Number of protein chains: 2
Amino acid sequence: MLTKKQLDLLEFIHKRMQKDGVPPSFDEMKLALDLRSKSGIHRLITALEERGFIRRLAHRARAIEIVKLPESLGGESSSGFTPKVIDGDKPDVARPANAEPVMASATDLPVMGRIAAGVPIAAISEVSHQVSVPNSMLAASGEHYALEVKGDSMIEAGINDGDVVVIRETSSADNGDIVVALIEDQEATLKRFKRSGRSIALEAANPAYETRVYPEDMVKVQGKLVGLIRTY
Amino acid sequence: MLTKKQLDLLEFIHKRMQKDGVPPSFDEMKLALDLRSKSGIHRLITALEERGFIRRLAHRARAIEIVKLPESLGGESSSGFTPKVIDGDKPDVARPANAEPVMASATDLPVMGRIAAGVPIAAISEVSHQVSVPNSMLAASGEHYALEVKGDSMIEAGINDGDVVVIRETSSADNGDIVVALIEDQEATLKRFKRSGRSIALEAANPAYETRVYPEDMVKVQGKLVGLIRTY
DNA sequence: CGTACGATGCTAACAAAAAAGCAATTGGAT
DNA sequence: ATCCAATTGCTTTTTTGTTAGCATCGTACG
(Lines give C-alpha, C1' and ligand atoms only; values in the text may rest on other atoms or scores of the structure.)
Protein backbone atom coordinates (compact mmCIF):
# COMPACT_ATOMS: atom_id res chain seq x y z
CA MET A 1 0.00 0.00 0.00
CA LEU A 2 2.81 2.38 0.77
CA THR A 3 6.14 2.93 -0.82
CA LYS A 4 9.23 2.94 1.27
CA LYS A 5 9.48 6.68 1.39
CA GLN A 6 5.90 7.06 2.30
CA LEU A 7 6.31 4.56 5.06
CA ASP A 8 9.42 6.26 6.32
CA LEU A 9 7.68 9.55 6.48
CA LEU A 10 4.67 8.12 8.18
CA GLU A 11 6.87 6.48 10.71
CA PHE A 12 8.72 9.68 11.36
CA ILE A 13 5.55 11.61 11.87
CA HIS A 14 4.26 8.96 14.16
CA LYS A 15 7.36 8.92 16.33
CA ARG A 16 7.45 12.64 16.41
CA MET A 17 3.95 12.82 17.66
CA GLN A 18 4.55 10.15 20.23
CA LYS A 19 7.48 12.11 21.46
CA ASP A 20 6.27 15.62 21.65
CA GLY A 21 2.68 15.51 20.71
CA VAL A 22 3.09 17.97 17.91
CA PRO A 23 3.31 16.96 14.30
CA PRO A 24 6.47 17.99 12.53
CA SER A 25 6.58 20.87 10.07
CA PHE A 26 7.47 20.32 6.47
CA ASP A 27 10.96 21.53 7.11
CA GLU A 28 11.48 19.12 9.92
CA MET A 29 10.28 16.30 7.77
CA LYS A 30 12.55 17.47 5.02
CA LEU A 31 15.43 17.25 7.41
CA ALA A 32 14.41 13.90 8.71
CA LEU A 33 14.22 12.34 5.28
CA ASP A 34 17.28 14.19 4.16
CA LEU A 35 15.73 16.06 1.29
CA ARG A 36 16.64 19.46 0.01
CA SER A 37 13.25 20.64 -0.77
CA LYS A 38 9.95 20.64 0.96
CA SER A 39 8.04 20.00 -2.17
CA GLY A 40 9.06 16.41 -2.00
CA ILE A 41 7.52 16.16 1.41
CA HIS A 42 4.44 17.83 0.13
CA ARG A 43 3.97 15.09 -2.36
CA LEU A 44 4.59 12.31 0.07
CA ILE A 45 2.08 13.84 2.40
CA THR A 46 -0.41 14.04 -0.41
CA ALA A 47 0.13 10.39 -1.17
CA LEU A 48 -0.36 9.45 2.45
CA GLU A 49 -3.53 11.43 2.56
CA GLU A 50 -4.81 9.86 -0.57
CA ARG A 51 -4.23 6.47 0.89
CA GLY A 52 -6.06 7.37 4.01
CA PHE A 53 -3.23 7.17 6.51
CA ILE A 54 -3.30 10.75 7.54
CA ARG A 55 -5.75 13.56 7.56
CA ARG A 56 -4.92 17.19 7.38
CA LEU A 57 -6.13 20.72 7.13
CA ALA A 58 -4.87 22.53 4.12
CA HIS A 59 -2.95 25.69 4.70
CA ARG A 60 -2.56 25.07 8.35
CA ALA A 61 0.80 24.67 9.94
CA ARG A 62 1.47 21.23 11.30
CA ALA A 63 -2.10 20.26 10.80
CA ILE A 64 -1.46 16.60 10.27
CA GLU A 65 -3.07 13.78 12.05
CA ILE A 66 -2.42 10.11 11.74
CA VAL A 67 -5.55 8.20 11.06
CA LYS A 68 -4.21 4.73 10.83
CA LEU A 69 -0.95 2.92 10.76
CA PRO A 70 0.07 -0.02 8.68
CA GLU A 71 0.59 -3.24 10.57
CA SER A 72 4.28 -2.95 10.12
CA LEU A 73 4.38 -0.05 12.51
CA GLY A 74 2.69 -1.62 15.42
CA GLY A 75 -0.53 -0.67 13.77
CA GLU A 76 -3.81 -1.91 14.94
CA SER A 77 -4.33 -5.60 14.47
CA SER A 78 -5.70 -5.98 17.93
CA SER A 79 -6.98 -2.50 18.37
CA GLY A 80 -3.64 -1.41 19.61
CA PHE A 81 -3.28 1.91 17.98
CA THR A 82 -6.18 4.22 18.03
CA PRO A 83 -4.79 7.44 16.76
CA LYS A 84 -7.21 9.47 18.66
CA VAL A 85 -10.07 8.24 20.46
CA ILE A 86 -13.00 9.87 21.69
CA ASP A 87 -15.20 7.44 23.20
CA GLY A 88 -18.33 9.31 23.26
CA ASP A 89 -18.97 8.18 26.71
CA LYS A 90 -21.98 9.81 27.98
CA PRO A 91 -23.39 9.06 31.34
CA ASP A 92 -25.05 5.80 31.69
CA VAL A 93 -24.90 4.72 28.15
CA ALA A 94 -25.45 1.16 27.41
CA ARG A 95 -22.14 0.25 26.06
CA PRO A 96 -21.02 -3.28 25.72
CA ALA A 97 -18.87 -4.23 28.61
CA ASN A 98 -15.68 -4.61 26.69
CA ALA A 99 -13.77 -1.49 27.31
CA GLU A 100 -12.24 -0.09 24.23
CA PRO A 101 -11.28 2.47 21.71
CA VAL A 102 -14.72 2.11 20.40
CA MET A 103 -13.97 1.56 16.85
CA ALA A 104 -17.21 1.19 15.13
CA SER A 105 -18.42 -0.15 11.91
CA ALA A 106 -17.40 2.06 9.10
CA THR A 107 -15.85 1.75 5.75
CA ASP A 108 -13.36 3.88 3.95
CA LEU A 109 -14.64 5.12 0.67
CA PRO A 110 -12.58 6.90 -1.91
CA VAL A 111 -13.49 10.48 -2.66
CA MET A 112 -13.47 10.60 -6.40
CA GLY A 113 -13.17 14.30 -6.76
CA ARG A 114 -15.70 17.03 -6.72
CA ILE A 115 -18.98 17.17 -8.43
CA ALA A 116 -20.43 20.41 -9.46
CA ALA A 117 -23.77 21.73 -9.36
CA GLY A 118 -24.57 24.44 -11.74
CA VAL A 119 -21.85 23.97 -14.17
CA PRO A 120 -20.68 20.44 -14.04
CA ILE A 121 -17.30 19.12 -13.77
CA ALA A 122 -14.55 17.10 -15.17
CA ALA A 123 -16.01 13.66 -14.92
CA ILE A 124 -15.27 11.48 -12.03
CA SER A 125 -11.69 10.62 -12.08
CA GLU A 126 -9.24 9.90 -9.45
CA VAL A 127 -9.13 9.47 -5.77
CA SER A 128 -8.31 12.54 -3.82
CA HIS A 129 -8.51 10.97 -0.42
CA GLN A 130 -10.60 8.66 1.67
CA VAL A 131 -13.47 9.24 4.01
CA SER A 132 -14.90 6.91 6.57
CA VAL A 133 -18.59 6.47 6.38
CA PRO A 134 -20.77 4.57 8.76
CA ASN A 135 -21.74 1.23 7.39
CA SER A 136 -25.29 1.97 8.19
CA MET A 137 -25.24 4.26 5.24
CA LEU A 138 -24.19 1.63 2.80
CA ALA A 139 -26.28 -0.98 1.13
CA ALA A 140 -25.34 -4.54 1.86
CA SER A 141 -24.19 -4.96 -1.65
CA GLY A 142 -23.16 -2.56 -4.30
CA GLU A 143 -20.27 -0.31 -4.92
CA HIS A 144 -20.06 3.00 -3.22
CA TYR A 145 -17.90 6.02 -3.51
CA ALA A 146 -17.93 9.58 -2.32
CA LEU A 147 -17.86 12.96 -3.95
CA GLU A 148 -17.32 16.38 -2.62
CA VAL A 149 -20.05 18.76 -3.59
CA LYS A 150 -19.08 21.94 -5.27
CA GLY A 151 -21.57 24.70 -5.64
CA ASP A 152 -24.99 25.43 -4.37
CA SER A 153 -27.31 23.89 -6.87
CA MET A 154 -28.79 21.44 -4.43
CA ILE A 155 -29.04 23.80 -1.56
CA GLU A 156 -32.72 23.42 -1.09
CA ALA A 157 -32.27 19.74 -0.67
CA GLY A 158 -29.99 20.49 2.21
CA ILE A 159 -26.85 19.76 0.27
CA ASN A 160 -24.33 22.49 0.70
CA ASP A 161 -21.09 23.40 -0.90
CA GLY A 162 -18.36 21.30 0.60
CA ASP A 163 -20.56 18.47 1.78
CA VAL A 164 -19.45 14.98 1.02
CA VAL A 165 -22.07 12.83 -0.61
CA VAL A 166 -22.04 9.08 -0.63
CA ILE A 167 -23.09 7.50 -3.86
CA ARG A 168 -24.11 3.98 -4.61
CA GLU A 169 -23.38 2.92 -8.12
CA THR A 170 -26.40 2.06 -10.13
CA SER A 171 -27.64 2.76 -13.58
CA SER A 172 -31.25 3.15 -12.72
CA ALA A 173 -33.12 5.63 -10.67
CA ASP A 174 -36.64 6.36 -9.59
CA ASN A 175 -38.38 9.63 -9.91
CA GLY A 176 -37.32 11.97 -7.23
CA ASP A 177 -34.04 10.30 -6.50
CA ILE A 178 -31.00 12.45 -6.39
CA VAL A 179 -28.50 11.01 -8.77
CA VAL A 180 -25.13 11.48 -10.30
CA ALA A 181 -25.84 11.74 -13.97
CA LEU A 182 -23.53 11.86 -16.88
CA ILE A 183 -24.83 14.09 -19.61
CA GLU A 184 -23.78 13.44 -23.15
CA ASP A 185 -20.89 11.44 -21.83
CA GLN A 186 -19.33 14.63 -20.77
CA GLU A 187 -20.38 16.31 -17.66
CA ALA A 188 -21.37 14.76 -14.39
CA THR A 189 -23.85 16.49 -12.14
CA LEU A 190 -25.73 15.86 -9.00
CA LYS A 191 -29.39 16.47 -9.65
CA ARG A 192 -32.83 15.26 -8.88
CA PHE A 193 -34.00 12.72 -11.40
CA LYS A 194 -37.39 12.84 -13.05
CA ARG A 195 -38.49 10.87 -15.99
CA SER A 196 -41.53 11.48 -18.04
CA GLY A 197 -42.02 9.39 -21.06
CA ARG A 198 -38.84 9.30 -23.03
CA SER A 199 -37.27 12.30 -21.56
CA ILE A 200 -35.42 12.86 -18.39
CA ALA A 201 -35.47 16.01 -16.39
CA LEU A 202 -32.57 16.84 -14.16
CA GLU A 203 -33.59 19.45 -11.74
CA ALA A 204 -31.51 21.37 -9.33
CA ALA A 205 -32.78 22.18 -5.91
CA ASN A 206 -32.16 25.83 -6.29
CA PRO A 207 -34.45 28.20 -8.10
CA ALA A 208 -31.47 29.95 -9.58
CA TYR A 209 -30.80 26.97 -11.77
CA GLU A 210 -33.14 25.80 -14.37
CA THR A 211 -34.29 22.30 -14.87
CA ARG A 212 -32.88 20.77 -17.94
CA VAL A 213 -34.62 18.12 -19.91
CA TYR A 214 -32.88 15.60 -22.10
CA PRO A 215 -33.92 12.74 -24.27
CA GLU A 216 -33.36 9.63 -22.29
CA ASP A 217 -30.39 8.44 -24.25
CA MET A 218 -28.38 11.50 -23.49
CA VAL A 219 -28.38 10.93 -19.80
CA LYS A 220 -26.69 8.13 -17.99
CA VAL A 221 -27.33 7.57 -14.36
CA GLN A 222 -24.14 6.67 -12.64
CA GLY A 223 -25.23 6.38 -9.10
CA LYS A 224 -27.67 7.53 -6.58
CA LEU A 225 -27.30 9.52 -3.45
CA VAL A 226 -27.46 7.43 -0.34
CA GLY A 227 -25.85 9.56 2.28
CA LEU A 228 -24.38 12.85 3.20
CA ILE A 229 -21.67 13.86 5.57
CA ARG A 230 -20.82 17.35 6.59
CA THR A 231 -18.14 18.52 8.91
CA TYR A 232 -18.23 21.98 10.37
CA MET B 1 -9.77 -20.98 -6.09
CA LEU B 2 -6.23 -20.04 -6.90
CA THR B 3 -3.77 -21.44 -9.31
CA LYS B 4 -0.35 -22.40 -8.20
CA LYS B 5 1.20 -19.28 -9.57
CA GLN B 6 -1.38 -17.06 -8.05
CA LEU B 7 -0.82 -18.70 -4.71
CA ASP B 8 2.91 -18.35 -5.01
CA LEU B 9 2.61 -14.71 -5.75
CA LEU B 10 0.21 -14.09 -2.95
CA GLU B 11 2.53 -15.83 -0.58
CA PHE B 12 5.45 -13.79 -1.73
CA ILE B 13 3.59 -10.56 -1.31
CA HIS B 14 2.50 -11.60 2.10
CA LYS B 15 5.98 -12.46 3.28
CA ARG B 16 7.32 -9.32 1.81
CA MET B 17 4.89 -7.21 3.70
CA GLN B 18 5.54 -9.03 6.90
CA LYS B 19 9.17 -8.39 6.46
CA ASP B 20 9.42 -4.80 5.52
CA GLY B 21 5.98 -3.42 5.50
CA VAL B 22 6.21 -2.33 1.94
CA PRO B 23 4.53 -4.30 -0.79
CA PRO B 24 6.81 -5.40 -3.61
CA SER B 25 6.86 -3.68 -6.96
CA PHE B 26 6.05 -5.56 -10.13
CA ASP B 27 9.70 -5.91 -10.88
CA GLU B 28 10.45 -7.39 -7.54
CA MET B 29 7.66 -9.86 -7.97
CA LYS B 30 8.93 -10.66 -11.38
CA LEU B 31 12.26 -11.51 -9.85
CA ALA B 32 10.75 -13.52 -7.09
CA LEU B 33 8.74 -15.69 -9.42
CA ASP B 34 11.62 -15.86 -11.80
CA LEU B 35 9.86 -14.39 -14.77
CA ARG B 36 11.34 -12.20 -17.39
CA SER B 37 8.41 -9.96 -17.83
CA LYS B 38 6.17 -7.93 -15.64
CA SER B 39 3.16 -8.56 -17.73
CA GLY B 40 2.78 -12.01 -16.27
CA ILE B 41 2.74 -10.47 -12.83
CA HIS B 42 0.20 -8.03 -13.99
CA ARG B 43 -2.14 -10.78 -14.95
CA LEU B 44 -1.64 -12.67 -11.75
CA ILE B 45 -2.27 -9.56 -9.74
CA THR B 46 -5.41 -8.91 -11.68
CA ALA B 47 -6.56 -12.42 -11.00
CA LEU B 48 -5.88 -12.10 -7.29
CA GLU B 49 -7.78 -8.90 -7.20
CA GLU B 50 -10.71 -10.42 -9.01
CA ARG B 51 -10.82 -13.19 -6.52
CA GLY B 52 -10.82 -10.82 -3.65
CA PHE B 53 -7.50 -11.71 -2.10
CA ILE B 54 -5.93 -8.38 -2.60
CA ARG B 55 -7.07 -4.85 -3.09
CA ARG B 56 -5.20 -2.16 -4.86
CA LEU B 57 -5.13 1.32 -6.22
CA ALA B 58 -4.71 1.27 -9.94
CA HIS B 59 -1.72 3.06 -11.31
CA ARG B 60 -0.20 3.56 -7.94
CA ALA B 61 3.17 2.21 -7.12
CA ARG B 62 3.14 -0.64 -4.65
CA ALA B 63 -0.43 0.06 -3.77
CA ILE B 64 -1.36 -3.49 -2.95
CA GLU B 65 -3.01 -4.70 0.16
CA ILE B 66 -3.83 -8.22 1.17
CA VAL B 67 -7.43 -8.62 2.07
CA LYS B 68 -7.56 -12.25 2.92
CA LEU B 69 -5.36 -15.27 2.82
CA PRO B 70 -6.26 -18.79 1.91
CA GLU B 71 -6.04 -21.25 4.79
CA SER B 72 -3.04 -22.78 3.19
CA LEU B 73 -1.09 -19.72 4.18
CA GLY B 74 -1.69 -19.30 7.83
CA GLY B 75 -4.93 -17.66 6.91
CA GLU B 76 -5.89 -16.07 10.18
CA SER B 77 -3.95 -16.15 13.29
CA SER B 78 -0.39 -16.08 12.18
CA SER B 79 -0.46 -12.75 10.55
CA GLY B 80 -2.17 -10.79 13.19
CA PHE B 81 -3.92 -9.57 10.19
CA THR B 82 -7.53 -10.53 10.36
CA PRO B 83 -9.46 -8.37 8.01
CA LYS B 84 -11.40 -7.06 10.83
CA VAL B 85 -14.98 -6.58 11.17
CA ILE B 86 -15.87 -4.82 14.25
CA ASP B 87 -18.70 -6.67 15.74
CA GLY B 88 -22.20 -5.74 15.35
CA ASP B 89 -22.96 -5.11 11.82
CA LYS B 90 -23.19 -7.16 8.82
CA PRO B 91 -20.88 -10.02 8.50
CA ASP B 92 -18.16 -9.29 6.11
CA VAL B 93 -19.41 -11.75 3.62
CA ALA B 94 -21.57 -10.16 1.03
CA ARG B 95 -18.95 -7.89 -0.35
CA PRO B 96 -18.99 -7.50 -4.05
CA ALA B 97 -16.18 -9.05 -5.90
CA ASN B 98 -14.37 -5.90 -6.59
CA ALA B 99 -13.98 -5.35 -2.99
CA GLU B 100 -14.67 -2.24 -1.22
CA PRO B 101 -12.35 -0.72 1.23
CA VAL B 102 -12.07 -2.19 4.62
CA MET B 103 -13.02 -1.12 8.04
CA ALA B 104 -12.00 2.24 9.06
CA SER B 105 -11.83 4.74 11.78
CA ALA B 106 -15.14 5.57 13.23
CA THR B 107 -16.62 5.86 16.63
CA ASP B 108 -20.01 4.98 17.93
CA LEU B 109 -21.78 7.87 19.50
CA PRO B 110 -24.95 7.67 21.46
CA VAL B 111 -27.96 9.38 20.01
CA MET B 112 -29.38 11.24 22.93
CA GLY B 113 -32.81 11.76 21.53
CA ARG B 114 -34.29 14.28 19.22
CA ILE B 115 -33.89 17.92 19.27
CA ALA B 116 -36.48 20.16 17.93
CA ALA B 117 -36.37 23.12 15.98
CA GLY B 118 -39.33 25.30 16.28
CA VAL B 119 -40.71 24.02 19.44
CA PRO B 120 -38.02 22.56 21.50
CA ILE B 121 -37.95 19.27 23.10
CA ALA B 122 -37.76 17.22 26.12
CA ALA B 123 -34.29 18.01 27.20
CA ILE B 124 -31.50 15.78 26.27
CA SER B 125 -31.91 12.65 28.13
CA GLU B 126 -31.44 9.14 27.26
CA VAL B 127 -29.81 7.18 24.58
CA SER B 128 -32.05 5.91 21.91
CA HIS B 129 -29.43 4.16 19.90
CA GLN B 130 -25.94 4.55 18.56
CA VAL B 131 -24.62 5.86 15.32
CA SER B 132 -21.19 5.47 13.88
CA VAL B 133 -19.53 8.65 12.89
CA PRO B 134 -16.25 9.03 11.11
CA ASN B 135 -13.49 10.06 13.42
CA SER B 136 -12.64 12.84 11.09
CA MET B 137 -15.65 14.60 12.41
CA LEU B 138 -14.59 14.52 15.99
CA ALA B 139 -12.19 16.75 17.79
CA ALA B 140 -9.18 15.11 19.30
CA SER B 141 -10.52 15.70 22.71
CA GLY B 142 -13.89 16.46 24.01
CA GLU B 143 -17.08 14.62 24.53
CA HIS B 144 -19.41 14.12 21.69
CA TYR B 145 -22.89 12.86 21.22
CA ALA B 146 -25.50 12.86 18.54
CA LEU B 147 -29.02 14.10 18.19
CA GLU B 148 -31.67 13.51 15.67
CA VAL B 149 -33.10 16.67 14.26
CA LYS B 150 -36.79 17.15 14.43
CA GLY B 151 -38.42 19.90 12.46
CA ASP B 152 -37.38 22.30 9.86
CA SER B 153 -36.11 25.27 11.74
CA MET B 154 -32.60 24.98 10.44
CA ILE B 155 -33.49 24.14 6.93
CA GLU B 156 -31.65 27.02 5.39
CA ALA B 157 -28.51 25.87 7.00
CA GLY B 158 -28.93 22.60 5.21
CA ILE B 159 -30.12 20.75 8.25
CA ASN B 160 -33.22 18.79 7.51
CA ASP B 161 -35.74 16.94 9.51
CA GLY B 162 -34.40 13.55 10.34
CA ASP B 163 -30.74 14.42 10.02
CA VAL B 164 -28.41 13.31 12.71
CA VAL B 165 -26.20 16.03 14.07
CA VAL B 166 -23.01 15.45 15.92
CA ILE B 167 -22.45 17.71 18.88
CA ARG B 168 -19.34 18.41 20.82
CA GLU B 169 -19.95 19.35 24.39
CA THR B 170 -18.85 22.78 25.28
CA SER B 171 -20.27 25.62 27.22
CA SER B 172 -19.00 28.37 25.03
CA ALA B 173 -19.68 29.35 21.51
CA ASP B 174 -18.66 31.94 19.02
CA ASN B 175 -20.97 34.11 17.03
CA GLY B 176 -22.39 32.23 14.15
CA ASP B 177 -21.88 28.79 15.59
CA ILE B 178 -24.79 26.47 15.57
CA VAL B 179 -25.31 25.28 19.08
CA VAL B 180 -27.46 23.18 21.29
CA ALA B 181 -28.75 25.62 23.82
CA LEU B 182 -30.73 25.05 26.92
CA ILE B 183 -33.16 27.84 27.54
CA GLU B 184 -34.29 28.59 31.03
CA ASP B 185 -33.12 25.17 32.02
CA GLN B 186 -36.03 23.78 30.19
CA GLU B 187 -35.96 23.42 26.53
CA ALA B 188 -33.10 22.50 24.30
CA THR B 189 -32.87 23.78 20.77
CA LEU B 190 -30.53 23.75 17.91
CA LYS B 191 -29.96 27.32 16.80
CA ARG B 192 -27.43 29.69 15.52
CA PHE B 193 -25.74 31.52 18.31
CA LYS B 194 -25.22 35.25 18.36
CA ARG B 195 -24.23 37.32 21.24
CA SER B 196 -24.40 41.00 21.48
CA GLY B 197 -23.47 42.56 24.72
CA ARG B 198 -25.25 40.80 27.52
CA SER B 199 -27.89 39.20 25.45
CA ILE B 200 -27.89 36.18 23.32
CA ALA B 201 -29.87 35.72 20.17
CA LEU B 202 -30.81 32.27 19.04
CA GLU B 203 -31.82 32.37 15.48
CA ALA B 204 -33.34 29.71 13.35
CA ALA B 205 -32.35 29.25 9.77
CA ASN B 206 -35.84 29.48 8.52
CA PRO B 207 -37.69 32.71 8.02
CA ALA B 208 -40.80 31.13 9.44
CA TYR B 209 -39.26 31.15 12.85
CA GLU B 210 -38.36 34.25 14.66
CA THR B 211 -35.13 34.94 16.34
CA ARG B 212 -35.42 34.98 20.03
CA VAL B 213 -33.24 37.03 22.25
CA TYR B 214 -32.49 36.21 25.84
CA PRO B 215 -30.43 37.70 28.57
CA GLU B 216 -27.25 35.77 28.73
CA ASP B 217 -28.01 34.02 31.95
CA MET B 218 -31.07 32.37 30.60
CA VAL B 219 -29.23 30.50 27.92
CA LYS B 220 -26.78 27.75 28.49
CA VAL B 221 -24.79 26.46 25.62
CA GLN B 222 -24.53 22.74 25.87
CA GLY B 223 -22.64 21.92 22.79
CA LYS B 224 -21.83 22.96 19.34
CA LEU B 225 -22.53 21.42 16.02
CA VAL B 226 -19.55 19.72 14.51
CA GLY B 227 -21.01 17.35 12.01
CA LEU B 228 -24.03 16.13 10.23
CA ILE B 229 -24.99 12.78 8.86
CA ARG B 230 -27.91 12.07 6.65
CA THR B 231 -29.01 8.80 5.20
CA TYR B 232 -31.40 8.68 2.34
C1' DC C 1 -7.82 -36.87 -32.49
C1' DG C 2 -8.30 -32.12 -33.10
C1' DT C 3 -10.00 -27.82 -31.35
C1' DA C 4 -11.05 -24.34 -27.99
C1' DC C 5 -9.80 -22.17 -24.04
C1' DG C 6 -7.43 -20.82 -19.99
C1' DA C 7 -3.16 -20.07 -17.71
C1' DT C 8 1.47 -18.69 -18.57
C1' DG C 9 5.54 -16.73 -20.64
C1' DC C 10 8.02 -13.17 -23.43
C1' DT C 11 9.17 -8.88 -25.90
C1' DA C 12 8.68 -4.39 -26.52
C1' DA C 13 6.71 0.02 -26.30
C1' DC C 14 4.29 3.27 -23.46
C1' DA C 15 2.15 5.90 -19.91
C1' DA C 16 2.33 7.38 -15.26
C1' DA C 17 3.71 7.89 -10.84
C1' DA C 18 7.35 8.60 -7.48
C1' DA C 19 10.93 11.33 -6.07
C1' DA C 20 13.89 15.43 -6.01
C1' DG C 21 15.19 20.10 -6.79
C1' DC C 22 14.54 25.16 -7.31
C1' DA C 23 12.00 29.25 -7.19
C1' DA C 24 8.10 31.97 -6.44
C1' DT C 25 3.62 32.56 -3.93
C1' DT C 26 0.16 32.41 -0.69
C1' DG C 27 -1.55 31.97 4.01
C1' DG C 28 -1.40 32.24 8.94
C1' DA C 29 0.19 34.01 12.93
C1' DT C 30 2.19 37.55 15.69
C1' DA D 1 4.33 44.33 8.50
C1' DT D 2 6.95 40.35 8.80
C1' DC D 3 8.31 35.70 9.54
C1' DC D 4 7.63 31.00 8.84
C1' DA D 5 5.27 27.34 6.90
C1' DA D 6 2.77 25.43 3.35
C1' DT D 7 1.55 25.38 -1.55
C1' DT D 8 2.44 25.57 -6.47
C1' DG D 9 4.59 25.61 -10.93
C1' DC D 10 8.00 23.59 -13.65
C1' DT D 11 11.81 20.47 -14.68
C1' DT D 12 14.36 16.13 -14.68
C1' DT D 13 15.34 11.31 -13.70
C1' DT D 14 14.03 6.86 -12.21
C1' DT D 15 10.85 3.47 -11.07
C1' DT D 16 6.74 1.19 -11.78
C1' DG D 17 2.49 -0.17 -13.89
C1' DT D 18 -0.23 -1.06 -18.29
C1' DT D 19 -0.99 -2.97 -22.83
C1' DA D 20 -0.66 -5.22 -27.06
C1' DG D 21 0.76 -9.04 -29.71
C1' DC D 22 2.40 -13.58 -29.99
C1' DA D 23 3.87 -18.28 -28.52
C1' DT D 24 3.46 -22.57 -25.60
C1' DC D 25 1.29 -26.07 -22.83
C1' DG D 26 -2.35 -28.78 -20.91
C1' DT D 27 -6.93 -30.02 -20.34
C1' DA D 28 -11.80 -30.46 -21.32
C1' DC D 29 -14.81 -31.87 -24.96
C1' DG D 30 -17.02 -33.16 -29.02
Side-chain angles (χ1 to χ4, degrees), chain A residues 1-13 16-17 20-66 70 110 112-114 122 124-130, chain B residues 1-13 16-17 20-51 53-66 70 97-98 174:
Chain A
M1 202 55 164
L2 292 178
T3 62
K4 185 74 172 55
K5 284 288 177 195
Q6 291 162 2
L7 186 68
D8 285 350
L9 179 58
L10 184 59
E11 185 176 1
F12 171 69
I13 296 172
R16 204 54 162 39
M17 294 188 58
D20 33 48
V22 183
S25 73
F26 276 47
D27 266 306
E28 290 164 344
M29 293 187 260
K30 183 191 74 181
L31 260 287
L33 296 209
D34 195 29
L35 302 189
R36 285 172 222 191
S37 161
K38 283 177 294 188
S39 70
I41 297 295
H42 189 269
R43 279 167 202 141
L44 291 174
I45 290 289
T46 304
L48 285 175
E49 187 177 16
E50 181 177 298
R51 289 163 171 70
F53 286 87
I54 62 174
R55 180 149 47 87
R56 52 196 298 241
L57 296 174
H59 300 289
R60 287 291 185 306
R62 297 167 192 261
I64 297 175
E65 182 174 28
I66 294 183
M112 309 300 284
R114 309 174 127 221
I124 295 157
S125 50
E126 56 180 51
V127 185
S128 70
H129 61 288
Q130 311 264 138
Chain B
M1 194 59 167
L2 291 179
T3 64
K4 179 81 172 54
K5 282 292 175 192
Q6 290 164 0
L7 188 68
D8 286 350
L9 180 57
L10 185 58
E11 183 176 3
F12 171 68
I13 296 172
R16 204 56 161 40
M17 299 200 29
D20 38 42
V22 181
S25 73
F26 276 43
D27 267 305
E28 290 164 345
M29 294 186 260
K30 182 190 75 182
L31 260 288
L33 296 209
D34 196 29
L35 301 189
R36 290 179 213 186
S37 159
K38 287 179 289 187
S39 70
I41 297 295
H42 191 274
R43 271 188 298 220
L44 291 175
I45 289 290
T46 305
L48 285 176
E49 189 177 14
E50 257 175 23
R51 285 154 220 226
F53 286 86
I54 62 174
R55 180 150 51 91
R56 54 190 304 238
L57 295 175
H59 303 287
R60 286 298 187 294
R62 296 166 191 261
I64 298 176
E65 185 175 19
I66 293 184
N98 34 355
D174 299 321

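Letters A, B, ... mirror the listed sequences (proteins, then strands); counts begin at 1. Quantities reported herein were computed from a predicted structural model and do not represent experimental measurements.
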**OP:** Look at all strands and tell whether B:Ile45 reaches a base, only sugar-phosphate, or nothing, counting heavy atoms closer than 4.0 Å.
**Re:** nothing
Original post:
Under the 3.5 Å rule, do the base of C:dG21 and the side chain of A:Arg43 count as making a donor-acceptor pair?
Top reply: yes
**OP:** Grab the CG-P distance between A:Leu44 and C:dG21 for me, whole Å please.
**Re:** 11 Å
Original post:
Which whole-number value in Å describes the distance from B:His42 NE2 to D:dT16 P?
Top reply: 15 Å
Original post:
With the threshold set at 4.0 Å, does a side-chain nitrogen-carboxylate oxygen contact exist between A:Asp8 and A:Lys5?
Top reply: no
**OP:** Could you pick out which residue, B:Lys5 or B:Ala61, lies toward the 5' side of DNA chain C when each is mapped onto its nearest nucleotide?
**Re:** B:Lys5
Subject >> Side-chain donor/acceptor contact of A:Lys38 with base of D:dA6 under 3.5 Å >> reply: yes
Original post:
Does A:Ser37 make a side-chain N or O approach to OP1 or OP2 of C:dA23 shorter than 4.0 Å?
Top reply: no
**OP:** Using atom CD1 of B:Ile64 as one end and atom C1' of D:dG17 as the other, report the distance to the nearest whole Å.
**Re:** 10 Å
Original post:
Quick one: is C:dA20 close enough that its OP1 or OP2 comes under 4.0 Å of any side-chain N or O from A:Arg36?
Top reply: no
**OP:** Check whether any side-chain heavy atom of B:Met29 sits under 4.5 Å from a side-chain heavy atom of B:Ile45, and report yes or no.
**Re:** yes
Original post:
Which part of the nucleic acid, if any, lies within reach of A:Ile41 when heavy atoms closer than 4.0 Å are counted: base, sugar-phosphate only, or nothing?
Top reply: nothing
Original post:
Counting side-chain heavy atoms from CB outward, which of D:dG17, C:dA18, C:dG27 is closest to B:Ser25?
Top reply: D:dG17
Original post:
Which residue, A:Ser39 or A:Arg60, contacts DNA chain C at a nucleotide closer to its 5' end, judged by nearest heavy atom?
Top reply: A:Ser39
**OP:** Respond yes when some side-chain nitrogen or oxygen of A:Arg56 is under 4.0 Å from OP1 or OP2 of D:dA5, and no when none is.
**Re:** no
Original post:
With a 4.5 Å limit on heavy-atom distance, are the side chains of B:Phe53 and B:Ile66 in contact?
Top reply: no
Subject >> Distance test, side-chain N/O of B:Thr3 to OP1/OP2 of C:dT8, below 4.0 Å >> reply: yes
**OP:** Send over the distance from B:Leu35 CG to C:dA7 P, rounded to a whole Å.
**Re:** 16 Å
**OP:** Measure the distance from CE on B:Met29 to P on C:dT8 and round it to the nearest whole Å.
**Re:** 15 Å
**OP:** Kindly say if B:His59 contacts the phosphate of C:dA16, meaning a side-chain N or O under 4.0 Å from OP1 or OP2.
**Re:** no
Subject >> Whole angstrom value for the distance that separates P of D:dT16 from CD of B:Glu28 >> reply: 6 Å
**OP:** Would you please confirm or rule out a distance under 4.0 Å between OP1 or OP2 of C:dA17 and any side-chain N or O of A:Arg51?
**Re:** no
**OP:** Rounded off to whole Å, could you give me the CZ-to-C1' distance for the A:Phe26 and C:dA20 pair?
**Re:** 15 Å
Subject >> Residues B:Arg62 and A:Gln6: side-chain donor-acceptor under 3.5 angstrom >> reply: no
Original post:
For A:Asp34 and C:dA20, what is the distance between atoms CG and P respectively, to the nearest whole Å?
Top reply: 9 Å
**OP:** Answer yes or no: is there a donor N or O on one side and an acceptor on the other, between the side chain of A:Arg51 and the main chain of A:Met1, under 3.5 Å?
**Re:** yes
Subject >> Side-chain ion pair, A:Glu65 and A:Arg56, N-O less than 4.0 Å >> reply: no
